Asker: 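I have a structure here, written as C-alpha cells, and I will follow up with some questions on it.
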Amino acid sequence: MSGLQGIETKVLIVEDETAIVTMLRYNLEKEGFKVYYTGDGDEAVSLVKAHKPDVIVLDWMLPGMSGIDICAELRRQEETKAAPIIMLSARGEESDRIRGLDAGADDYMVKPFSPSELIARIRAVLRRLRPALSEKVLTFAGLKMDMVSHHITRDGKPVHLSPTEFSLLRYLMEHPGRVFTREQLLDAVWGHDIYVELRTVDVHIRRLRKGLDLGESLPELVRTVRSAGYALEEIPMGERQADTPD
Ligand code: CA
C-alpha cells in the first residue's frame, strides 16, 4: 500500500477507553485507513486542525471537553465545520441520539458495537459527503481510473503512471474542474509533514501530462491557471497553455 496521502483515508479517533482505541486502530489500519487518536477532549479540536481527518470518530464522555461540546466547536469554526463526525456513546436513548445529531454529528453509534459496523458507517459517511472517495472507478473525459487494480485507461488504451503521478491524477479526478495551488497539491498528495519544494509539483504535472498524452489527437486534460495553479479540464484542441502557473 502506498504511503501517499492522496490514497489514504485519515480517521481521527477521540476516545478515552484504551480497549476501544486498540480495537479500532487494529481494524481500521487493517482496512488501509491512516489512524490518529487522542483520549483527551481538550486536544481533539487542535488535532482536527493539524491532521484534517476525512472522518472523526468521537466519543461522547471524555476527560476535558465532552464529545458534544467538541462537535459543536468543530461545527462553529470555519476550518473544521465540514469534518464528518461519527459520535460514539453508551447512551442509546432516542433523546441522546437526537442530541448528538443536533450538536452536528453525521452519524451516531451506540456502544457496544462491532468494528465492522463502524467501518461500514465510516464508508457510508464518506460516500455521502465525498462521493468520489469511495468509488472504485473514477472517470473523466474518456479517462478511467480503477482504484482497485490501479489501471488507468484513456479511450480504452492503457496509461502508465508512476505512483506519485497516479496520486496526483486521482486527487484531480476527485475534484474535476477545481483549481488547486501547488501548495494544495503538495499537501494532498505528499502530506504536510514532508518537506517538498513547490517546483516538484510542476515536475510531476509535466510527467502526468506526458503520461496522458498517448500520441494521438486527444485534448489535453490538465489546465495551467496563470498565477493560481492547475485544474483537471478538457482543453479545447489547439488552445495553447503555459507549462507552469508563473
Ligand atoms: Ca468515554
Side-chain angles (χ1 to χ4, degrees), residues 1 3-135 174 187-188 191-193:
M1 174 142 290
L4 296 166
Q5 286 198 355
I7 288 172
E8 277 173 333
T9 301
K10 293 178 278 183
V11 179
L12 172 67
I13 301 170
V14 186
E15 164 67 271
D16 56 316
E17 282 171 67
T18 17
I20 295 184
V21 174
T22 309
M23 171 193 84
L24 289 181
R25 271 191 81 181
Y26 172 79
N27 285 282
L28 287 167
E29 283 172 358
K30 205 172 68 181
E31 293 288 316
F33 292 96
K34 168 92 179 140
V35 180
Y36 302 94
Y37 66 96
T38 176
D40 178 8
D42 291 335
E43 224 179 69
V45 176
S46 57
L47 278 182
V48 173
K49 288 182 180 165
H51 297 301
K52 300 188 173 47
D54 299 293
V55 180
I56 302 158
V57 177
L58 180 60
D59 188 30
W60 184 318
M61 303 293 281
L62 292 163
M65 254 171 116
S66 80
I68 293 280
D69 291 342
I70 293 168
C71 205
E73 183 60 28
L74 290 173
R75 291 293 178 256
R76 220 177 351 250
Q77 298 195 28
E78 186 62 32
E79 203 184 333
T80 57
K81 71 177 184 195
I85 298 168
I86 299 176
M87 190 89 140
L88 301 181
S89 175
R91 308 157 74 141
E93 297 295 321
E94 209 195 333
S95 58
D96 292 326
R97 286 175 182 269
I98 289 169
R99 225 182 118 197
L101 297 172
D102 271 351
D106 297 285
D107 202 351
Y108 187 95
M109 279 189 78
V110 179
K111 293 177 183 175
F113 54 85
S114 73
S116 47
E117 193 191 345
L118 178 68
I119 289 169
R121 300 278 193 105
I122 289 177
R123 295 225 157 98
V125 164
L126 288 172
R127 251 194 320 276
R128 226 166 34 233
L129 299 176
R130 298 172 58 177
L133 252 190
S134 52
E135 275 165 24
E174 285 171 350
D187 275 356
H192 309 271
D193 310 334

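All heavy atoms count here, side chains included; hydrogens, waters and symmetry mates do not. What you are looking at is a predicted structure, and each value in this text was computed from that prediction instead of being measured.
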Asker: So which atom in D69 and which in M65 form the shortest heavy-atom distance, rounded to 0.1 Å?
Answerer: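 Heavy atoms only, the tightest pair is O-CE, 3.7 Å.
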Asker: Can you tell me if OH on Y26 sees more than 12 non-hydrogen neighbours from other groups inside 6.0 Å?
Answerer: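 It does not: Y26 OH has 12 such atoms or fewer within range.
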Asker: What are the two closest heavy atoms between I85 and C71, and how far apart are they?
Answerer: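 Distance-wise, the nearest heavy atoms are CD1-SG, 3.7 Å.
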Asker: Can you confirm whether L24 sits close enough to V11 that some side-chain heavy atom of one is under 4.5 Å from a side-chain heavy atom of the other?
Answerer: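 No, side chains not in contact.
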Asker: Looking at residues at least two apart in the chain, or sitting in another chain, which of them share a salt bridge (Lys or Arg N to Asp or Glu O under 4.0 Å) with E117?
Answerer: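 In terms of salt bridge (Lys or Arg N to Asp or Glu O under 4.0 Å), with neighbours along the sequence ignored, E117 is linked to R121.
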Asker: Check whether any side-chain heavy atom of I56 sits under 4.5 Å from a side-chain heavy atom of L74, and report yes or no.
Answerer: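 They are in side-chain contact.
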Asker: Kindly say whether A19 contributes a backbone atom to a donor-acceptor pair with the side chain of E17 at under 3.5 angstrom?
Answerer: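 Not a single qualifying donor-acceptor pair exists.
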Asker: I'd like to know whether L62 forms a side-chain contact (heavy atoms from CB on, under 4.5 Å) with I70, so could you lay out the CA-CA distance, the side-chain angles of the two residues, the decisive distance to 0.1 Å, and finally the verdict.
Answerer: CA-CA 10 Å; L62 292 163; I70 293 168; 3.6 Å; yes
Asker: Exactly one of D106, L118, L58 should register a side chain to side chain contact (heavy atoms under 4.5 Å, CB included) with I86. Which one does?
Answerer: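 It is L118, the one option of D106, L118, L58 that forms the side chain to side chain contact (heavy atoms under 4.5 Å, CB included) with I86.
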Asker: Spell out, as yes or no, whether a donor-acceptor pair under 3.5 Å connects the side chain of R91 to the backbone of D96.
Answerer: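 No, R91 side chain to D96 backbone: no donor-acceptor pair under 3.5 Å.
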Asker: Can you find a heavy atom in the side chain of I20 that is under 4.5 Å from one in the side chain of K111?
Answerer: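 SC-SC contact between I20 and K111 confirmed.
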Asker: Side-chain contact test, heavy atoms from C-beta onward, threshold under 4.5 Å: evaluate it for I122 versus F33 and give yes or no.
Answerer: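 Yes; the side chains approach each other to less than 4.5 Å.
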Asker: Restricting to non-hydrogen atoms, name the atom on T38 and the atom on E43 that form the minimum distance, rounded to 0.1 Å.
Answerer: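 What the structure gives for the nearest pair is OG1-OE1, 3.1 Å.
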Asker: Is M109 atom CE crowded by more than 12 heavy atoms from other residues, nucleotides or ligands, each under 6.0 Å away?
Answerer: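 Above 12, so yes.
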Asker: In terms of side-chain geometry, is the basic nitrogen of R123 or D107 positioned less than 4.0 Å from the acidic oxygen of its partner?
Answerer: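 Result for this pair is no, no salt bridge flagged.
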Asker: Check the angle between the aromatic planes of Y36 and H51 and answer parallel, tilted or perpendicular using the 30° and 60° thresholds.
Answerer: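 Plane angle under 30°, so parallel.
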Asker: In a check of side chain to side chain contact (heavy atoms under 4.5 Å, CB included) between M87 and each of L101, I68, V110, which one passes?
Answerer: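 Running side chain to side chain contact (heavy atoms under 4.5 Å, CB included) over L101, I68, V110 with M87 returns exactly one hit, I68.
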Asker: Compare all side-chain heavy atoms of R25 with those of T22 and state whether any distance is below 4.5 angstrom.
Answerer: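 Not touching, per the 4.5 Å side-chain cut-off.
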Asker: Got a donor-acceptor contact below 3.5 angstrom from the R75 side chain to the A83 backbone?
Answerer: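 Yes.
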Asker: Could you tell me which residues satisfy side-chain contact (heavy atoms from CB on, under 4.5 Å) with Q77, sequence neighbours excluded, listed by chain and number?
Answerer: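 By the side-chain contact (heavy atoms from CB on, under 4.5 Å) rule, Q77 matches V45, K49, E73, T80.
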Asker: Locate the shortest heavy-atom distance separating M61 from D16; write the atom from each residue and the value.
Answerer: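 M61 and D16 have their closest heavy atoms at O-OD1, 3.2 Å.
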Asker: Would you say that P84 contacts D54 through its side chain, given a criterion of any heavy-atom pair below 4.5 Å between the two side chains?
Answerer: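 Counting from C-beta outward, P84 and D54 never come under 4.5 Å.
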Asker: List the atom of G100, the atom of W60, and the distance in Å for their closest heavy-atom pair.
Answerer: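 Of all heavy-atom pairs spanning G100 and W60, the closest is N-CZ3, 4.5 Å.
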Asker: Just so I know, are the side chains of V14 and D59 near enough to count as touching, which here means a heavy-atom distance under 4.5 Å?
Answerer: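 A side-chain contact is absent here, since even the closest heavy-atom pair is not under 4.5 Å.
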